[in-house]
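Notes for the one structure printed next.
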Amino acid sequence: MNIFDYYKNLFLKIIKDIPIDKSIIKKITVETPKQKIFGDISFNAPLILASSLKKQPMQLANEIKELIQAANNDFEKIEVAKPGFINFTFKKEIFLKFIKIIDKNYGKPTSTKSNKINIEFVSANPTGPLHVGHCRGAIFGDVLSNFLKFYGHNVVKEYYINDYGNQIYLFVKSVYFRIIELQKGKAFPEDQGLYPGEYIIDIAKDVLKNIKNENISSFDETISILTPYAIKSALDIIKKDLDLMGIVHDNFVSESDIVNRDILSEAIEKLKNKGDVYTGVLPKPKGDAEDWEPREQLLFKSSKYGDDVDRALQKSDNTWTYFANDVAYHYDKLKRNFDYYINILGADHAGYVKRLSSAVNALNNNKTFSIKLSQIVKLYKSGKPFRMSKRAGDFILAKDLIDAVGKDSARFMMVYRSSNSQLDFDFDLVTDTSKDNPIFYVQYACARINSLFDKSNFDIEKPITDAKLENLKYETEFNLIKKIVEWPKIVNLCYQNLEVHYIPYYLYELSSEFHTYWNAGKENDDLKIIGHSDKELINSRLYLLQKLYLVLTIGLNILDVKVLKKM
RNA sequence: GCGCCUGUAGCUCAACUGGAUAGAGCGCCAGAUUUCGGCUCUGGAGGUUCAGGGUUCGACUCCUUGCAGGCGCGCCA
């Protein structure tokens with residue numbers, strides 16, 4: 001149960017005689033007021049309804065207040081506040097009831113139907129290890145998937161392997177020359193635009209081990225033998241990197257497989273039938289375009305769907321572009337019939353968003369496709385931009401990051417900010433054991449709660465059933481309860497925005513309320529949670545903390561960050 | 001040149017999608033403080049939300065014109 005929805009529905013029922021236009025009904029909300037002095041919940045209906053009823057918001061608020069006051073008995077105080085809010089303060093015994101309903105599904109909506117959701121993320125080229133730039137999108141995608149599962153949906157995490165085309169050709173060529181270097185000592189060519197990273201040597205060794213007896217002669221003769229092994233080797237490295245972050249995809253889709261199955265001709269056919277494909281000449285691009293000449297080629301009319309210009313499907317030599325294969329891939333994805341599609345792209349692919357969503361819109365009219373961009377991460381150590389590794393050119397490897405700070409810290413921090421703001425990632429901070437480190441602060445709260453249970457010989461896993469909640473009466477206790485009650489609201493926020501940074505934020509705030517509660521015992525012996533002999537009071541307080549612990553656990557599980565029992 | 005993202009306290013970021021006095025953490029200032037679990041606690045000061053214009057009862061949020069930063073921009077992937 002979500003108390004905000006519960007009271008919204010209750011209030012709407014009470015004021016059912018007031019005519020409400022259906023289009024504005026969802027703008028009416030029950031919220032936590034911004035400030036504590038405004039009470040526990042507030043209702044904005046007078047503000048929303050005033051104009052259509054041609055009444056003053058304050059006057060309407062007073063009328064609605066009277067109606068609710070007459071019909072409901074849950075509140076100690078109901079007040080109208082300028083510009084037209086109605087603020088409610090619960091009777092304490094009502095508030096305490098909200099705590100009782102908390103279980104492992106707390107916050108999960110009960111009415112939502114379960115949808116099949118496809119979420120594509122990472123999809124890094126299988127040409128080498130993941131670097132830090134991939135981490136954020138990877139973790140964001142994984143946490144968002146966990147969240148959507150918690151919300152009640154059926155989620156498939158998908159990875160699109162770009163194992164086709166020129167980049168792969170260059171990659172395999174690089175592996176080939178590393179093999180030649182290993183076998184014959186011939187220096188690796190620096191001038192052919194090949195992959196210079198030393199990890200290619202590891203891949204070369206791995207490939208050699210697997211193909212064993214194959215005779216490595218010229219590149220043209222061995223390319224078809226080397227390619228699958230080289231891709232597999234690179235993909236294994238990527239999967240290991242993902243595993244370090246705690247990420248496992250459900251489905252890997254290969255571009256060359258899409259090509260082999262000739263999905264493209266079916267997709268093009270469909271676009272042709274809609275009149276979205278034509279042969280034409282693209283306008284000259286702005287900026288640097290020295291060697292550009294006008295050419296006739298097959299184009300997709302993406303401008304019809306909001307893109308700036310139409311996009312090429314075929315190159316001048318009649319082979320397909322990368323984009324064309326991506327159209328085919330998405331066509332295949334759409335045919336697999338999910339209710340909802342999410343793509344997570346790195347910020348450097350922002351320019352690709354319009355043409356991709358144009359293609360999806362052309363292939364499928366219902367609007368169930370969202371693209372999320374994950375912004376870049378800047379690494380810092382001791383306040384300075386930080387480089388960790390000279391391997392792989394300038395890239396800092398994902399593995400190095402996880403090795404340095406641990407999976408939990410990386411996961412927590414990577415989703416601590418909204419996905420479309422840039423993020424500063426400070427190595428010192430995330431490994432710090434002080435309250436300045438939010439991960440530590442949240443996990444410390446879990447450990448402290450466990451310790452209180454151990455000291456009192458209670459099992460934290462075993463629900464306390466006989467607590468007398470009316471023993472809870474201090475402000476610090478109620479502040480904690482209020483924060484716990486906000487959780488379903490956080491869940492809604494995440495869902496509406498497809499963002500998850502609200503969760504670590506909330507967990508931090510929740511932990512902060514707990515630490516404040518705990519610290520209050522230093523000043524006032526009555527507030528020591530267990531440091532006294534009143535068994536019944538200890539029972540009540542541990543009951544509250546057990547519920548708190550459950551909420552912390554739900555949140556940390558969505559982040560896939562460990563709940564620490566001891567530190 | 002064009003497109004997308006961003007611009008909020010000294011710094012890093014929130015702000016429930018149009019609501020109340022724009023909130024946290026760090027930093028700064030002032031006090032308190034040896035153990036329920038040590039890696040502190042309580043309070044305070046900090047703002048013309050980049051600038052101008054518009055929409056309305058009401059704007060950080062929407063529209064518009066600029067400015068600044070980031071990313072991207074041909075048949076690469």
Side-chain angles (χ1 to χ4, degrees), chain A residues 4 27 29 31-35 37-38 42 44 47-48 50-51 56-58 81-85 87 125 127 162 164-168 170 255 282-289 291-293 295 297-298 307-309 311-326 346-354 373 375-376 380 383 416-418 420-424 426 429 432-438 440-441 444 447-448 450-452 454-456 486 489-490 492-494 496-497 501-502 505 508-509 512 515-516 518-523 525 528-532 566-567:
Chain A
F4 302 100
K27 292 174 81 174
T29 57
E31 307 281 353
T32 325
K34 284 198 170 171
Q35 299 198 23
I37 54 161
F38 291 130
S42 83
N44 70 349
L47 286 164
I48 304 296
S51 67
Q56 291 296 321
M58 289 297 279
K82 57 160 196 176
F85 288 99
N87 295 324
N125 287 353
T127 55
N162 297 124
Y164 185 86
N166 197 41
Q167 289 303 320
I168 290 298
L170 290 173
E255 182 180 357
L282 281 174
K284 184 180 179 186
K286 310 282 188 209
D288 300 333
D291 56 350
W292 185 89
E293 350 176 327
R295 279 169 180 155
Q297 56 198 132
L298 196 65
D307 202 353
D308 311 307
V309 288
R311 302 291 174 176
L313 291 165
Q314 272 183 339
K315 308 177 198 173
S316 51
D317 63 1
N318 287 337
T319 60
W320 297 103
T321 60
Y322 169 81
F323 174 60
N325 283 341
D326 220 11
D348 53 342
H349 290 77
Y352 202 68
V353 170
K354 279 187 182 175
L373 288 176
Q375 273 294 340
I376 56 171
Y380 287 87
Y416 195 50
R417 303 297 187 203
S418 136
N420 57 15
S421 25
Q422 297 187 4
L423 177 106
D424 288 1
D426 190 313
L429 180 60
D432 195 16
T433 55
S434 80
K435 73 169 189 62
D436 298 346
N437 176 2
F440 172 82
Y441 204 56
Y444 188 34
R448 262 186 168 166
N450 267 285
S451 155
L452 291 168
D454 286 348
K455 290 222 170 206
S456 336
E486 279 178 35
K489 210 77 199 175
I490 302 297
N492 274 343
L493 262 181
C494 290
Q496 276 158 25
N497 299 321
H501 62 284
Y502 303 103
Y505 250 85
Y508 182 80
E509 287 175 352
S512 178
H515 288 301
T516 302
W518 191 91
N519 282 317
K522 284 184 180 175
E523 306 283 319
D525 281 350
K528 284 200 191 315
I529 296 168
I530 59 168
H532 53 79
K566 282 194 167 54
M567 300 184 83

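Computed from a predicted structure; not experimentally measured. Chain naming here is simple, since letters A, B, ... match the order of the sequence lines and numbering starts at 1 in each.
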Between B:U49 and B:U61, how far apart are the C1' atoms? Round to whole Å, please. 10 Å

query: Do any side-chain nitrogens or oxygens of A:N325 fall under 4.0 Å of OP1 or OP2 in B:A77?
result: no

Rounded to whole Å, CG of A:L493 lies from P of B:A15 at a distance of 8 Å

Touch check for A:N44, heavy atoms < 4.0 angstrom, all strands: base, sugar-phosphate only, or nothing? nothing

What contact category does A:A81 fall into here, base, sugar-phosphate, or nothing, at under 4.0 angstrom with non-hydrogen atoms?
base

| said: Less than 4.0 angstrom between a side-chain N/O of A:T29 and OP1 or OP2 of B:C16, yes or no? | reply: no

Side-chain contact check for A:H501: nearest option of B:A15, B:C36, B:G70 is B:A15

On RNA chain B, more 5' by nearest nucleotide between A:D432 and A:H349 is A:D432

pi-stack flag for A:F85 and B:A20, centroid dist under 5.5 Å, interplanar under 30°:
yes

Testing B:G19, B:A77, B:C36 for proximity to the side chain of A:K455, the answer is B:C36

Considering only heavy side-chain atoms of A:I530, the closest of B:A77, B:A20, B:C36 is B:C36

* **Any side-chain heavy-atom pair of A:F4 and A:T32 under 4.5 Å** => yes

* Asked: Do A:R417 and A:Q422 touch side chain to side chain, with heavy atoms closer than 4.5 Å?
  -> no

Of B:G3, B:C16, B:C39, the nucleotide closest to the side chain of A:K354 is B:G3

Tabulated below should be each protein N or O lying under 3.5 Å from an N or O of nucleotides 21-27 of chain B; please produce it.
| unit_1 | atom_1 | unit_2 | atom_2 | d |
| --- | --- | --- | --- | --- |
| B:U21 | OP1 | A:K82 | NZ | 2.4 |
| B:U21 | O2' | A:Q35 | NE2 | 3.0 |
| B:C26 | OP1 | A:K435 | NZ | 2.0 |
| B:C26 | OP1 | A:D436 | OD1 | 3.4 |

Margin query: Can you confirm if the aromatic rings of A:F38 and A:F85 lie within a centre distance of less than 6.0 Å?
Written below: no

- Task: Give A:T321 one of three labels, base, sugar-phosphate or nothing, depending on what nucleic acid heavy atoms sit under 4.0 Å from its own.
- Result: sugar-phosphate

Atom CD of A:Q297 and atom P of B:G74 are separated, to the nearest Å, by 12 Å

Of the candidates B:G37, B:C76, B:A14, the side chain of A:K566 sits closest to B:G37

Of the listed B:C41, B:A77, B:C36, the closest approach to the A:N125 side chain comes from B:A77

Rounded to whole Å, CG of A:D348 lies from P of B:C73 at a distance of 9 Å

Side-chain atoms of A:Q375 come closest, of B:C5, B:C36, B:C39, to B:C5

B:A14 OP1/OP2 closer than 4.0 Å to side-chain N/O of A:S421:
yes

Value for CH2 (A:W518) from CZ (A:R448), rounded to nearest 0.5 Å, stands at 4.0 Å

For A:L452, does its backbone N or O pair with a side-chain atom of A:S456 as donor and acceptor, under 3.5 Å? yes

Looking only at B:A14, B:G37, B:A20, the nucleotide nearest the A:W518 side chain is B:G37

A:R311 side chain N/O closer than 4.0 Å to the phosphate oxygens (OP1, OP2) of B:G74?
no

Worksheet entry | Between B:C60 and B:A22 - C1' atom distance, rounded Å | 8 Å

Please confirm whether the backbone N or O of A:L313 pairs with a side-chain atom of A:T321, one donor and one acceptor, at under 3.5 Å? yes

note: A:F440, atom CZ; B:G37, atom P; distance rounded to Å ~ 15 Å

In whole angstroms, the gap separating P of B:C71 from CG of A:N420 amounts to 16 Å

When A:E31 and A:L282 are each assigned the nearest nucleotide of RNA chain B, the 5'-most assignment goes to A:E31

* Asked: Taking A:Q314 for the side chain and A:T319 for the main chain, is one N or O donor matched with an acceptor at less than 3.5 Å?
  -> no

Contact class for A:P438 vs. all strands (heavy atom < 4.0 Å): base, sugar-phosphate, or nothing?
nothing

Working note: A:N162 + A:Y322, criterion side-chain contact (heavy atoms from CB on, under 4.5 Å); need CA distance, chi angles, decisive distance, verdict. CA-CA 9 Å; A:N162 297 124; A:Y322 169 81; 3.3 Å; yes

Side-chain contact check for A:S434: nearest option of B:C16, B:U40, B:G72 is B:U40

Open item on the list: Roughly how many Å apart are B:C63 and B:U56, using the P atom of each and rounding to a whole number?
Closed with: 16 Å

query: Sub-3.5 Å donor-acceptor pair from the side chain of A:D308 to the main-chain atoms of A:K354, do we have one?
result: no

Exercise. When all nucleic acid strands are considered with a 4.0 Å heavy-atom cut-off, which category describes A:S418: base, sugar-phosphate, or nothing?
Worked result: sugar-phosphate

Taken to the nearest whole Å, CG/A:L423 to P/B:C13 is 7 Å

Side-chain donor/acceptor of A:S434 to backbone N/O of A:D436, under 3.5 Å: yes

Handout entry: Between B:C13 and B:U6 - C1' atom distance, rounded Å
Key = 13 Å

Determine the interplanar angle of the A:Y505 and A:H501 rings, folded into 0 to 90°, and report it as parallel if under 30°, tilted if 30 to 60°, perpendicular if over 60°.
perpendicular

P-based separation of B:A24 from B:U42 [nearest Å]: 13 Å

Each base of RNA chain B marked ( ) or [ ] if paired in-strand (Watson-Crick or G-U under 3.5 Å), | if paired to another strand and . if unpaired gives (((((((..((((.....[...)))).(((((.......))))).....(((((..]....))))))))))))....

query: Is the backbone of A:L47 close enough, under 3.5 Å, to the side chain of A:N44 for a donor and an acceptor to pair up by distance?
result: no

Closest of B:A77, B:G37, B:G72 to the A:A447 side chain is B:G37

Which value, in whole Å, describes the distance between the P atoms of nucleotides B:C41 and B:G27?
12 Å

Near-parallel close stack of A:Y502 and B:C16 base (under 5.5 Å, under 30°):
no

Check whether the side chains of A:N125 and A:Q167 place a donor and an acceptor atom closer than 3.5 Å, and report yes or no. no

To the nearest angstrom, the CG-C1' distance between A:N162 and B:A77 comes to 7 Å

Original post:
Can a side chain N or O of A:K27 be found less than 4.0 Å away from OP1 or OP2 on B:G18?
Top reply: no

Please measure how far the P atom in B:G23 lies from the corresponding atom in B:G44, and state the result in whole Å.
13 Å

Discussion item. Check the phosphate of B:G37 against A:K528, side-chain N and O only, distance under 4.0 Å to OP1 or OP2. Yes or no?
Written reply: no

Given the 90°-from-0 boundary between syn and anti, B:G72 should be labelled anti

Next item on the list: Count the heavy atoms belonging to other residues, nucleotides or ligands that lie under 6.0 Å from CD of A:Q56, then report whether that count exceeds 12.
Entry: no

request  = Could you tell me whether A:G351 contacts a base, only the sugar-phosphate backbone, or nothing, with contacts defined as non-hydrogen atoms closer than 4.0 Å?
outcome  = sugar-phosphate

Notebook entry, point to check: Which whole number of Å gives the distance between the P atom of B:G69 and that of B:A15?
Noted result: 26 Å

Quiz item: So, does the side chain of A:N87 form a donor-acceptor pair with the base of B:A20 at under 3.5 Å?
Solution: yes

